[in-house]
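Written out below as structure tokens is the structure these notes cover.
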Amino acid sequence: MTKDLSRREVLGAAATVAAATTLGTSAAVAAGRGQAPAVMSSYKPLVVGANNGHRLKNEDGETGVQIAYRMITAGEDVLDATIACNNLPEISEEDSSVGYGGLPDANGDVTLDACCMHGPLKRAGGVSYIQGVRTPSWVAKDVMMKTNHHLLSGQGATDFARANGHKIEGDLNSAHSFNRYLEWKKRVEEEGDNRTFAELDIDFIENKGFEVAYQMAKEGLIDIDHIHGTINTNAINHKGEICGNTTTSGRSFKVPGRVGDSPILGAGLYVDNDIGAAGSTGLGEMNLYHLCSFLIVEKMRDGMHPKDAGMFALTRVRDFCMGNPRYMNDEGEIAFNLQFYVLDKRSRYAGVAMRGGEGRFFAVCDDNGPRHELMDAIYIDS
Ligand code: GLY
């Protein structure tokens with residue numbers, strides 16, 4: 001700073017730096033160019049998330065993103081709104097990817113993971129490998145609000161839920177999810193020369209089980225999106241408050257004890273109230289290697305549009321997996337899916353996927369109403 005700057009100029013420059021720090025690099029660049037930084041007295045309310053946020057309806061005919069949008073525009077807490085969106089598939093047996101009726105693990109047990117993050121409060125909470133609670137998203141919020149911890153797991157998480165008034169049930173399988181589990185188990189045992197599960201090693205169950213699950217999806221017995229099914233929902237209100245929630249039953253027929261990306265801060269979800277939010281669905285392991293939700297928010301901090309930031313993360317994952325036959329198809333492409341749902345402080349948004357194409361949607365609700373929009377993708381399936 002030169003000596004001949006007046007006090008007024010010094011204060012002005014300091015204010016610009018402070019505003020830039022708050023608003024992120026794109027605003028800083030704008031301020032540096034002499035443009036007015038994007039200080040907004042009112043932000044555009046918006047809800048963005050996984051496609052199952054716009055499928056099921058409540059008794060008033062509202063889908064999840066519609067409920068969340070109604071709540072945030074009525075002044076309710078943004079995190080509560082995202083959780084209310086995710087509750088629809090959590091409590092419904094029609095969605096076999098989360099909560100009640102989620103496809104179980106290789107032992108037939110439904111085990112759930114969830115994570116939430118409250119931008120204005122700068123707090124987060126999560127549960128993993130929890131059993132018996134249909135709505136782990138609310139338990140994640142209780143972890144956030146009532147403890148100094150971020151993540152409670154297994155029996156401890158279930159005990160915490162019980163102690164905090166959540167209903168605990170013996171078994172979260174629906175007739176549908178248990179029926180599909182029995183079919184999957186029968187097929188894996190047949191593939192193993194009719195040895196029982198007790199006689200098969202876990203590696204065989206994991207590898208063959210994955211193939212069997214995909215075959216069942218091809219036959220229409222399970223929803224392809226529910227193999228790694230999950231729901232993530234993020235929202236911003238007119239005050240610019242940003243929150244997000246991710247909840248899942250994890251990979252279907254997983255090795256017992258397996259936890260994926262959903263409850264892990266920075267992987268299944270990340271929120272920075274000054275920048276934006278990102279959350280995931282899909283093959284959690286490949287997200288965990290790169291903490292993509294955090295990566296996406298950091299790229300938006302550097303000025304990227306949500307779509308570019310999401311595609312940057314997917315490209316990182318693609319390059320990491322390229323050449324590993326476990327993750328490739330016969331065309332030399334990445335075979336698995338991984339999706340991100342992203343919004344920024346300017347209410348720009350994106351849904352991006354490793355594999356997209358016809359019917360591959362994400363859910364949005366803003367002043368144009370609730371809807372599905374097509375995902376941007378690295379590979380487009382015909
Ligand atoms: N993305 C959910 C999971 O892999 O568990």
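Ligands are counted one by one from 1 in listed order, and the atoms in each one are counted from 1 as well.
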Output the list of atoms in ligand 1 that are nearer than 4.0 Å to some heavy atom of [X], sorted by atom number.
| X | result |
| --- | --- |
| S262 | 1 (N), 2 (C) |
| T230 | 1 (N), 2 (C) |
| G260 | 5 (O) |

ask   = To which protein heavy atom is atom 3 (C) of ligand 1 closest, and what is the distance rounded to 0.1 Å?
value =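 Here the closest protein heavy atom is D261 OD1, 3.3 Å.
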
task = Kindly assign one of parallel, tilted or perpendicular to the pair W184 and F253, based on the angle between their ring planes and the thresholds 30° and 60°.
result = parallel

task = Test R355 against L338 for side chain to side chain contact (heavy atoms under 4.5 Å, CB included), laying out the working first.
result = CA-CA 8 Å; R355 303 205 67 94; L338 180 62; over 6 Å; no

Considering both backbone and side-chain atoms of [X], is one of its nitrogen or oxygen atoms within less than 3.5 Å of a nitrogen or oxygen in ligand 1?
| X | result |
| --- | --- |
| G250 | no |
| S280 | no |
| G282 | yes |

message = Test of understanding: with side chain to side chain contact (heavy atoms under 4.5 Å, CB included), list the residues that count as partners of I224, not counting sequence neighbours.
response =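 With neighbours one apart ignored, the set is Y214, A217, I227, R360.
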
All N/O donor-acceptor pairs, side-chain side in residues 316-328, below 3.5 Å, sequence neighbours left out:
{"unit_1": "N324", "atom_1": "OD1", "unit_2": "R326", "atom_2": "N", "d": "3.1"}
{"unit_1": "R326", "atom_1": "NH1", "unit_2": "N207", "atom_2": "OD1", "d": "2.7"}
{"unit_1": "R326", "atom_1": "NH2", "unit_2": "E206", "atom_2": "OE2", "d": "3.0"}

message = Closer than 4.0 angstrom, basic N to acidic O: yes or no for D376 and K307?
response =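 Judged by the 4.0 Å cut-off on N to carboxylate O distance, D376 and K307 do form a salt bridge.
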
key: Ionic contact status for K57 with E94, cut-off 4.0 Å   = no

ask   = Applying a strict 4.0 Å limit to heavy atoms, is R258 in contact with ligand 1?
value = yes

